[in-house]
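What you see is a predicted model; the values in this text were computed from it and never measured. Protein chains get the first letters and strands the later ones, always in sequence-line order, with residue 1 at the start of each.
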Amino acid sequence: MASELMTMPYYKINVLTGTKAAKVVSEPVEAARIIDKATNPLYVFGAEVIDSLVGDRLLIDFTLEIAKSRNIPICATAHVKKKMMELGVLPDSIYDIIEIVHFLKDKNWMGVRGKGFHDLVLFTGVRCDLAERGLSTLKHFAPHLKTFAICRRSHPNADFAVPVITKTEKWRVYLEGVISELGTVKA
Amino acid sequence: MASELMTMPYYKINVLTGTKAAKVVSEPVEAARIIDKATNPLYVFGAEVIDSLVGDRLLIDFTLEIAKSRNIPICATAHVKKKMMELGVLPDSIYDIIEIVHFLKDKNWMGVRGKGFHDLVLFTGVRCDLAERGLSTLKHFAPHLKTFAICRRSHPNADFAVPVITKTEKWRVYLEGVISELGTVKA
Amino acid sequence: MSKGKIREEEIRRIIRADDEWEPVGPTPMPSLTDLRNWDFRLLDTYEPFYAPFCDLCCLCTFGKCDLTEDKKGACGIDIATQQARWILICSLMGTAAHGAHGRHMIDHLIEKYGEDFKIDLGSQVNVEAPIIRTVTGLKPKNLGDLRKAIEYVEREMIHLVSATHMGQEGNYRDFESKAFHAGTLDHVALEAADIAQIVGYGLPTSIADTPLVDLGWGAIDVKKPTIVVVGHNAITAYAIVDYLRQHDLYDKVEVAGLCCTAHDVTRYDSSAKIIGPLSRQRFFLKAGLADVVVTDEQCVITDIPQMASEAGAAMVACSDKISYGLEEVSAKPVDDILREMLENQKQFLILDSEKAAEVIVRAALALAPLRQERKKLMTKEEASLLSAKCRGTCETCNRACPNLLPVNLAINQARQGDFTKLGSVFLRCIGCAKCEEACVNNIPIQKVMQAAAASDTYKIRAGRGPIHDVEIRKVGSPIVLGTIPGVILFAGCSNFPGDIDDVAWLAEELARRKYIVNLSGCAAMAAAMRKDEDGKTIYEKYIPEFDAGCIVNVGSCISNAHVVGAAIKIANIFATLPNRANFELMADYIINRVGACGVVWGPYSQKALCIGTGAVRWGIPIVLGPHGSKYRRLFMSKKEASDWRVMDGRTKQRVDTQEPTPEHMMLVTETKERALVTIIKQCFRRNDTPPGRAIKLNSYISAYKQVMGSLPDDLQNFIRTEKEIPIVYKREVIAYLKEVGWKPKISLSLPTLIGTYETKVPIEATVK
Amino acid sequence: MSKGKIREEEIRRIIRADDEWEPVGPTPMPSLTDLRNWDFRLLDTYEPFYAPFCDLCCLCTFGKCDLTEDKKGACGIDIATQQARWILICSLMGTAAHGAHGRHMIDHLIEKYGEDFKIDLGSQVNVEAPIIRTVTGLKPKNLGDLRKAIEYVEREMIHLVSATHMGQEGNYRDFESKAFHAGTLDHVALEAADIAQIVGYGLPTSIADTPLVDLGWGAIDVKKPTIVVVGHNAITAYAIVDYLRQHDLYDKVEVAGLCCTAHDVTRYDSSAKIIGPLSRQRFFLKAGLADVVVTDEQCVITDIPQMASEAGAAMVACSDKISYGLEEVSAKPVDDILREMLENQKQFLILDSEKAAEVIVRAALALAPLRQERKKLMTKEEASLLSAKCRGTCETCNRACPNLLPVNLAINQARQGDFTKLGSVFLRCIGCAKCEEACVNNIPIQKVMQAAAASDTYKIRAGRGPIHDVEIRKVGSPIVLGTIPGVILFAGCSNFPGDIDDVAWLAEELARRKYIVNLSGCAAMAAAMRKDEDGKTIYEKYIPEFDAGCIVNVGSCISNAHVVGAAIKIANIFATLPNRANFELMADYIINRVGACGVVWGPYSQKALCIGTGAVRWGIPIVLGPHGSKYRRLFMSKKEASDWRVMDGRTKQRVDTQEPTPEHMMLVTETKERALVTIIKQCFRRNDTPPGRAIKLNSYISAYKQVMGSLPDDLQNFIRTEKEIPIVYKREVIAYLKEVGWKPKISLSLPTLIGTYETKVPIEATVK
Ligand code: SF4
Ligand code: SF4
Ligand code: SF4
Ligand code: SF4
Ligand code: SF4
Ligand code: SF4
Ligand code: SF4
Ligand code: SF4
């Protein structure tokens, strides 16, 4: 009865009160499979992707690789765009986190590339407490999509979450694992 | 990180919101060990012990065996006393469930046999929602004792809980397992 | 803030202090802290018992805060204080519901009749407003005076709500004192609201044998156009009756009610019908028997608009409390409104009660002929068919059921054509629809229950309102002496742990034992839902007087005031203690001498919590059904171990009575059997005379033997002298007392708590 | 209930309708539903955005109810409606906090000066109470009139609280409308409370350059006896100052405050000190520098009694809202009280403010000499020692931190003698103490921070109160034309997501761009906590006028009323639209023409929620810091996809402006950079003239480039004609517009929402 188990998120402030909690995706290969299966995914980058180091590389280096490898459009929140441009990448859309969540609630919204609603939304680098609020909104008000919080601190309100990973080294391995496994499953 | 997992109780009405939830005791031998370790346990019988059949025997037959085998004093709540007397057993004390919980909060209370506070309190047969409230009271206000809900519907607010067991047959096996394992560990 | 001179003068002006019907006592219109010492005195003996419903606090954005293991919130609050805060918040919802109800009723009647409209409760009721008199010091003469009482409530309430803000009160005892205050305000509002409607609408008063009224969903003649009013504020319902009367339509249209509006509309016109309590709202509305559904306020299931439209019924909301996002059309012509209702199934909010009444009646007349086909219940065959997919194995339904019912077995049997189990589930069902929501096969379980539910018609007596002064004079002495063993009020909601008619069982067990049994609200309805072998309900079998062995339906929830009022009147009329602005004196009298007990066997609402909390402050203990544990707070003593010292009013000495009476002030019991013995025990009072105590003990022992099979295990706590041992049980009791080493205890004739804590009330005041 | 004739007459009497200073508009003293159509009109464009903080409802004993996956509660409520209900509950806590504060202040002053005591705000302020005038229709002349405003709040509030009871309101839009109403009541209370204290205590008014005041815990001269007042209701603090003055002790005793009482006491006497905002309460009190801690009400950490006694300080509570279970001793002799305080460390509740003041001062004088030893901060060595057990690996502290701070690294470095990281954690710390509570090694982390915290003294300007009519006349036109790009109010609490002084950064970025920047409450304090290279704070660098590029501290939280009031005054004084009982007309003017934006960067409180919700109803958008997401509700448009049609006041035609201005009414932004561009954008108004819009766009582009590195991605939405393109960016903007296929849009000179929904306000009223 896996769905009957809830894991505690990294920040206790987000402590679950819910009856519908994330499926914890412990293996990178599972994560890759979830992403591969999506037909119209979106990747939301939060401010932390440009601040946080994973080993000697910025978190955004990894998330960009994930996005690129499956041609996933990127929504840059907060002031992430500036850094992305410095890295020579133009995000597909610019909304603050709450704005993009607001649009995602709407099944009739055409999505950032005009192809209709996104069926999977990945999140990385959003301030954990704020992300948890946004994921809660989507959990309750966007039954047409799944969310995947690719965050080492784990997100109970997402549909899919990474387990708590405290060691940076393991986090790097996880991310690299996802990147290398992506595309191994037919979409 | 077992303590980081919470199981959903049988009745969703009790749904966990907590950050401190029961350790699920899946094996009768573990249950027996917990009971054996207690130095001054108490067993609280709720109204259901005299109504509920486990196979062809009443639940109270099993709980009495548990109590007797370790000479655990019994507190009969609700109107359980009547049936117990019919069965020829006199409970050690008579309180309604909320009353006994009220006393248990008090570390200075001398307990039903005057030997000082009970360090382990077993519960069986209390109305599940009410039990959950009483267990919550003890969880928060009785740090000096542990609670063990021997109930097939599981109790997150207890310190120790049985997992959800829907099949009566399995429940019988569990109870009999506890009875037969009791005493195998030195107290 | 302490009261200044100007405020004191203002109060004296408001209550007409110079009117010398009684001297003004120490606490006219008490503020937040004026009764705090009394509260703390109660809390010393009756500690709050907290059962957290959640480990967290989520009230501000510093949180959520984890409060387990002695952790504090970011604001510093601990789990006990947080529970007490929650109690205050919920109590205030109750106070506000009644306060706003009272304000609405009074203002509405002032619009009709002016503020000078007299309060006259008939020849039998002179002390018209014992609660208002005691709390505020005002003897209300007219509607304008009742408004003053509500203004007092409004003024106090804002301070109490303020105290719930993060960073305010930081101590659970002060939160409880504030919750008590909310309870007191609530009682003031209850009384003001019910008096207003009694005088404004000519509801029964000074009459005991009010008419018998039909109850049950089987009582509705669905061949007629059927209007169903739902809620607790009958202003629109009264207007509907008026419209029908004026247009000579009364016998052509069926008016039936759910919840307290039903009580009140039958007080106004006894040919209206009561469908049942809150737990039957969803069941009945899904059945589609109503042509027009009318919602007013409080205890109204929030998805009524959806259920009405699924049933093809029209729907009108009538309250600013429940507006459902609907367009307000009081200013539009009735014909236009009707057109949109009938042609486009549009639902409306109509705040003008007279316009609403016209729209509702005309819509019912127009719709009924078109809806004949839909006004049918599900047959057993249809029900079996709808249950076809259930194998009874998944139990998802059970796991969602807040009343822990075996829905799976019932549906599985219904599938096979056997509705026995479903019938018994229906008897215990609180109507939440969680089972059907959860069902993996989408079986419409609430609808399927139609095929299993008995459709009897029951008789209930229309709510009679105030207890008469002359009744008080008659029973005052035996109550205080203890020879009438107790005054019981079954109040509150239909969130029953067991069968809906368990209240009837409890009421009858007590009436047979000569208790004075009162009922109100949903409890009064549920108590009608059991017939004896002659087909009679308790309302038909027992005399409707406030006397030993009688059974009284006081009325809707706001009529609860009259039972509290009766307790006060015993002190005031029988014992002739002054009640004006004399809260502590009255409460002290009640807790020591009036063997009253409130029972809320099916509690759910914040209102019931608040009424109960208010009752405790008056010294009236409350017994709750198991769902009451989810209120999160009770008040309990530690029995023999607590402080039972009182003053002897005659000697002015402090005396240890050693007897835990009343034992607890708010308690949950698990089963009706346990409730019975607990209620009986809660009626013991320190002032009982030996013969009185003997009578009470006789009840206690007989009931205990009946349900527990032995003498009471705590009998020794309540026998003070051998004279108190009931004759029938003499031998075995004496043997038992010997066994447990019983010793005689002091028995006082003037026990009082005054003098055991700091108060402005002199101990002399208790002796009259 | 709809208003009857009698109530209408009563209102006319209360507001002296015959006083013809202005005609009485359509909504004097609006009831629950009177502004509902306006609310719904707002909600049509700005949908509520809900972010549930819990999947459950636990408000009644039918629950808990699981509201996930479209499930309804037992009462039928769905998750959206439940969120809206929660918002109403929390908003009411805010309304009540301010309402009760106002009631207390006004009653206290009436006791002192009588109800006829005149309201005179000095030569510069003739429109004394724009909110009260607009909402109620009353032009308050004296304290008695302010009391009427509070009575109105009390009367409305009970209905709103009632609506939160289970089974009441069932639609989220109506809950939001009720929350708006709570917000409006809150604003009335704010204004009444601050006006009362301004006139009653002679706080600054009609003066812009109020004195500079010392701020920061380093500013306290702890060698003196030190009294620390905590809370938001300065009555006792004023009495302390009075006592010190009368006894010539002022220079011998240090009076310092935490939270809004600090603001107010420095408005009363600028030699008092401000320690800091809420987030510094625990830090400061644990440091033990206070000899006497005095609590009044609101935003007071609830474990102060415990902290005070741990620090060996005396402690006096002064409010019936926060009584801590303490004995109330107003009636006891001061000497007796002092004896118990000093000898037995007993803490008291003293509701009589003058008695409290004497006790507090004398206790401070007596205690200070004995406490010299304890009034020392922890040294770095001690701090390292206390951190000895941390290896920074367990991270339990981090996991408990609501501000997501790396406490583990900071403590681990502190152990090694390096306090840099701990200093930066302290800058972001909201002072909840959860880290130390969680620490597996019991390291007293909040205390250890003493060794890392900079102890600078900062300058803040004392709160100046109302904006002057003459200032309004001066800035009215440029604001409405858009040439002053906006009026910003930084309000609310210190639950900041980042550094405490980020508010200073935001304020300065805006002031440099010629916005009118106002601050209040904790935000005003935090904004003082940054110095430039010359050691100056923004209060020293910028002119304290209500004008372009100036920075104003209006005062405590209740002074927020003056900024909302300023927006109203622009419509009323500058545009000469009548405001009396004319809510919709004023709000419509503001949302279309007054480029105002409120910012609550560190929101935590229910009060801030309520103030913000009230502001939205006035047409003032609110930007929140990330913690604001835990309020659970925002108001957002769908940008280009929403309905942006308005009426053209001149042609009376409905016109699609196609421009999302203001874009959202309540929004959370994640970072301060994003907040900056969002605030700027929220100041756009439909009425901006092309030159005005060009100036606003200039700000927007410059800020966007600064923080996002490019032209704004939604620039096309806000340029209506080429004339609006800022000259400096002309070339690149034109290129960009071409690329995105921009087309010119209509620009109206009299845009209005009146006429786009059902209202009693005629469209003619918008043209003056
Ligand atoms: S009110 Fe206190 S305990 Fe509750 S969330 Fe806020 S800080 Fe935490
Ligand atoms: S509707 Fe009745 S049977 Fe179904 S879950 Fe609710 S209480 Fe249980
Ligand atoms: S959930 Fe439905 S299918 Fe399953 S046992 Fe219950 S009624 Fe039968
Ligand atoms: S008794 Fe309870 S459920 Fe019934 S109407 Fe009154 S408050 Fe509502
Ligand atoms: S108190 Fe209630 S709403 Fe808050 S977290 Fe707990 S269950 Fe959820
Ligand atoms: S108020 Fe409604 S949703 Fe909340 S617990 Fe009660 S029944 Fe459930
Ligand atoms: S006290 Fe500061 S550092 Fe510690 S948990 Fe609270 S916010 Fe974080
Ligand atoms: S919890 Fe304590 S020991 Fe662990 S990392 Fe934090 S400060 Fe260090």
Choice from C/Pro52, C/Ser710, C/Pro626 maximising heavy atom contacts with chain B below 4.5 Å: C/Pro52

In this structure, are over 12 heavy atoms from other groups packed under 6.0 Å from [X] atom [atom1]?
{"X": "C/Lys421", "atom1": "NZ", "result": "no"}
{"X": "C/Asp643", "atom1": "CG", "result": "yes"}
{"X": "C/Tyr172", "atom1": "OH", "result": "no"}

Heavy atoms, side chains only, cut-off 4.5 Å: are [X] and [Y] in contact?
{"X": "C/Val668", "Y": "B/Arg133", "result": "no"}
{"X": "C/Met708", "Y": "B/Ile94", "result": "yes"}
{"X": "C/Asn403", "Y": "B/Arg127", "result": "yes"}
{"X": "C/Asp55", "Y": "B/Asn157", "result": "yes"}
{"X": "C/Leu634", "Y": "B/His102", "result": "no"}
{"X": "C/Asp713", "Y": "B/Lys81", "result": "yes"}
{"X": "B/Glu132", "Y": "C/Lys630", "result": "no"}

Pair C/His664-B/Glu99, side-chain hydrogen bond (donor to acceptor under 3.5 Å, both in side chains): steps then yes or no: CA-CA 10 Å; C/His664 303 300; B/Glu99 288 183 313; 2.7 Å; yes

Interchain contact, B/Lys105 with chain C, by part (heavy-atom threshold 4.5 Å): side chain

Contact origin within B/Ile97 toward chain C - heavy atom pairs under 4.5 Å: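 When you check distances to chain C, only side chain atoms of B/Ile97 fall under 4.5 Å.
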
C/Glu670 side chain vs B/Val126 backbone, donor-acceptor pair below 3.5 Å: no

For chain C, the option from B/Lys83, B/Met85, B/Met84 that forms the most heavy-atom pairs under 4.5 Å: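 Of the options given, most contacts go to B/Met85.
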
Heavy-atom pairs under 4.5 Å with chain C, option from B/Val80, B/Thr137, B/Thr77 with the top count: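 Looking at each option in turn, the highest pair count goes to B/Thr137.
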
Shortest non-hydrogen contact between [X] and [Y], atoms and distance:
{"X": "C/Ala51", "Y": "B/Ser136", "answer": "C-OG, 4.1 Å"}
{"X": "B/Phe141", "Y": "C/Tyr50", "answer": "CE1-O, 3.6 Å"}
{"X": "C/Thr669", "Y": "B/Asp96", "answer": "CA-OD2, 3.0 Å"}
{"X": "B/His79", "Y": "C/Val707", "answer": "CB-O, 3.6 Å"}
{"X": "C/Met636", "Y": "B/Ile98", "answer": "SD-CG2, 3.4 Å"}

[X], part contacting chain B, at a heavy-atom distance under 4.5 Å:
{"X": "C/Pro712", "answer": "neither"}
{"X": "C/Ala80", "answer": "both"}
{"X": "C/Thr678", "answer": "neither"}
{"X": "C/Gln706", "answer": "backbone"}

Residues B/Lys82, C/Glu673: salt bridge by 4.0 Å N-O rule: no

NZ-CG distance between C/Lys638 and B/Asp106, expressed to the nearest 0.5 angstrom: 4.0 Å

